[in-house]
Visitor: 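Let me begin by handing over the structure; questions about it come next.
Numbers here simply count residues along the sequence, with the first being 1. Remember, it's 1-based here, ligands and their atoms both numbered in the order they're listed.
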Amino acid sequence: RVLVGTKVDENHANWVTAYNMLTGIRVSVSRTNAKLDRPLTDADFQAKQKSTFDIAGNELVPSAKYDFKFKDYAPWVFRHLRALFRLDPADYLMSLTGKYILSELGSPGKSGSFFYFSRDYKYIIKTIHHSEHKFLRKILRDYYDHVTENPNTLLSQFYGLHRVKMPYGKKIHFVVMNNLFPPHRDIHETFDLKGSTIGRDYKEDNLGKNPRATLKDLNWLRRHRHLELGIQKKRLFLDQLHKDVRLLQRLQIMDYSLLVGIHDRQRGNEENLRDQTLKVFSPGGDAPHDDSEPAHSVLMRTPSKLESQRKARELRQMIKNEKPAPMGQTGSRLPNELEEGLHRPGFVFNQDDGGFAATHEDNTPGEEIYYLGVIDCLTHYGIVKKMEHFWKGLSNDRTQISPIPPHEYGERFMNFISAVTMSAEEAQRAAQERDAA
Ligand code: ATP
Ligand code: CA
Ligand code: CA
């Protein structure tokens, strides 16, 4: 988030990598977008396009600050995916074309992946392991078909798959995906839920140091939390999740989690994130740097004054409209919105301020907005198995890392999340029934 991420500027260790990633995306995405749209072919799913960037440039590739090679995978498939996810092509490029992007403390996960936010916090670039990259290419057709049939899928939305290679450097694979959390809202609590209890505990002692840490299953249980969605929304959510999990099971994927961000409307935006965000956008905010921007960095050009003004206007608009929907509407509004289907700019699970508002069992609106999605869904069972052997070679403890097969993983995951979506009342009734039995 704005306050947590480290700004990636010229002095940042990963500046050149980040710069090259953005330059590559910009050039390759504009190249594909410039063409007339057409239906996808089988070949599109295997396609890759290589570009070589250098200071001189040529008729196909504009000159760049640094030497590097860039590969764009399945550009047409991702163009269509971005359209399915209703991204505005110009907006997408704008967001990924800052003179800096932000990185969140390098690697939040154990996997060694790096996460970068676009300057407007809408998109996340995640570096992925070569095996995840190969796997995404392999399942791309299934993923594409699933998204086509399930526009409201809760799975990570992939917008691009690329590779960058610097002279003498390693090949770096990365995806561009949606940031589940909105730029204009404080997330007061974050949970990463897998439905397992082994090692799924964030040491609450550390919360003082890091109040925005991502909590896990055991923290959730300890706090007796519930996703309060009311009957209708709960059904929508669990139905979609079930479809998504079935796909993950079929593709032998595991280790994914449900990421839950909770915004408490009562607490509001105490950290004044909005002002921070405005600073990122507003023409005045980064003006001193804009002026010193070297003239030749056309690729990474800062938004023109007009564009910046438009962004700032949009943001102000967003803030003006931010008041929660009039009470009592949240629950009843849903079926109507659903009927509108594709005409709606948002998606079912993003209908309330970019998220899904809590609703009590009696259909009265709750104070919280949930931001929900299934993340980290590129781990194939085979890879986990291999890791397991690796670990077993290092220690004799066979019980510690014992991956359960994808089908069981999915069942356990679904069971946990279904239990999690019980309202407090339901949970109490269930407990009473258990005690009575
Ligand atoms: P590991 O394999 O060890 O779980 P990883 O490097 O694969 O780690 P992820 O599980 O994908 O990382 O994500 C780690 C954390 O980053 C998540 O718990 C979440 O806090 C944040 N995060 C990941 N993806 C998103 C997203 N799309 N939107 C918002 N936050 C995200
Ligand atoms: Ca994970
Ligand atoms: Ca992972």
Visitor: Have a look at ligand 1 and work out which part of D255, if any, has a heavy atom under 4.0 Å from it: side chain, backbone, both or neither.
Guide: neither

Visitor: Is K126 close enough and on-axis enough to F114, meaning under 6.0 Å and within 45°, for cation-pi?
Guide: no

Visitor: Kindly assign one of parallel, tilted or perpendicular to the pair F85 and Y159, based on the angle between their ring planes and the thresholds 30° and 60°.
Guide: perpendicular

Visitor: May I ask you to list the atoms of ligand 1 that are less than 4.0 angstrom from any heavy atom of S113?
Guide: 6 (O)

Visitor: Polar contacts were defined as any N/O atom of the residue lying under 3.5 Å from an N/O atom of the ligand; does this apply to L180 and ligand 1?
Guide: yes

Visitor: For a distance under 3.0 Å, give residue and atom name for each protein N, O or S atom next to the Ca ion (ligand 3).
Guide: D376 OD1, D376 OD2

Visitor: Among K134, H133, E132, which residue satisfies the side chain to side chain contact (heavy atoms under 4.5 Å, CB included) criterion with L378?
Guide: E132

Visitor: Please check if the number of heavy atoms outside K209 that lie under 6.0 Å from its NZ is greater than 12.
Guide: no

Visitor: Please work out which of N178, N179, L215 has its closest non-hydrogen atom nearest to atom 27 (N) of ligand 1.
Guide: N178

Visitor: Is any side-chain N of the basic residue among D72 and K50 closer than 4.0 Å to the acidic one's carboxylate O?
Guide: no

Visitor: Less than 3.5 Å apart, any donor N or O on the side chain of Q249 or E411 sitting next to an acceptor on the other?
Guide: yes

Visitor: Run down the list L378, D192, I187, L259 and name the one with the heavy atom closest to atom 31 (C) of ligand 1.
Guide: L259

Visitor: Step by step, would you call L251 with Y143 a side-chain contact (heavy atoms from CB on, under 4.5 Å)?
Guide: CA-CA 10 Å; L251 298 175; Y143 176 78; 5.9 Å; no

Visitor: Please find out if less than 6.0 Å separates the ring center of F53 from that of Y66.
Guide: no

Visitor: Could you go through K35 and W76, starting from their C-alpha distance and side-chain angles, then the distance that decides it, and tell me whether this counts as side-chain contact (heavy atoms from CB on, under 4.5 Å)?
Guide: CA-CA 10 Å; K35 293 175 188 148; W76 277 92; 3.8 Å; yes

Visitor: When you measure from atom 24 (N) of ligand 1 to each heavy atom in K126, M177, H129, Q157, which option holds the nearest one?
Guide: M177

Visitor: Using a strict 4.0 Å cut-off to heavy atoms of I124, name the atoms of ligand 1 that fall inside it.
Guide: 25 (C), 26 (C), 27 (N), 28 (N), 29 (C)

Visitor: Does ligand 1 come near enough to T190 that some N or O of the ligand is less than 3.5 Å from an N or O of the residue?
Guide: no

Visitor: Establish, from distance only, whether the side-chain atoms of D120 and S95 form a donor-acceptor pair under 3.5 Å.
Guide: yes

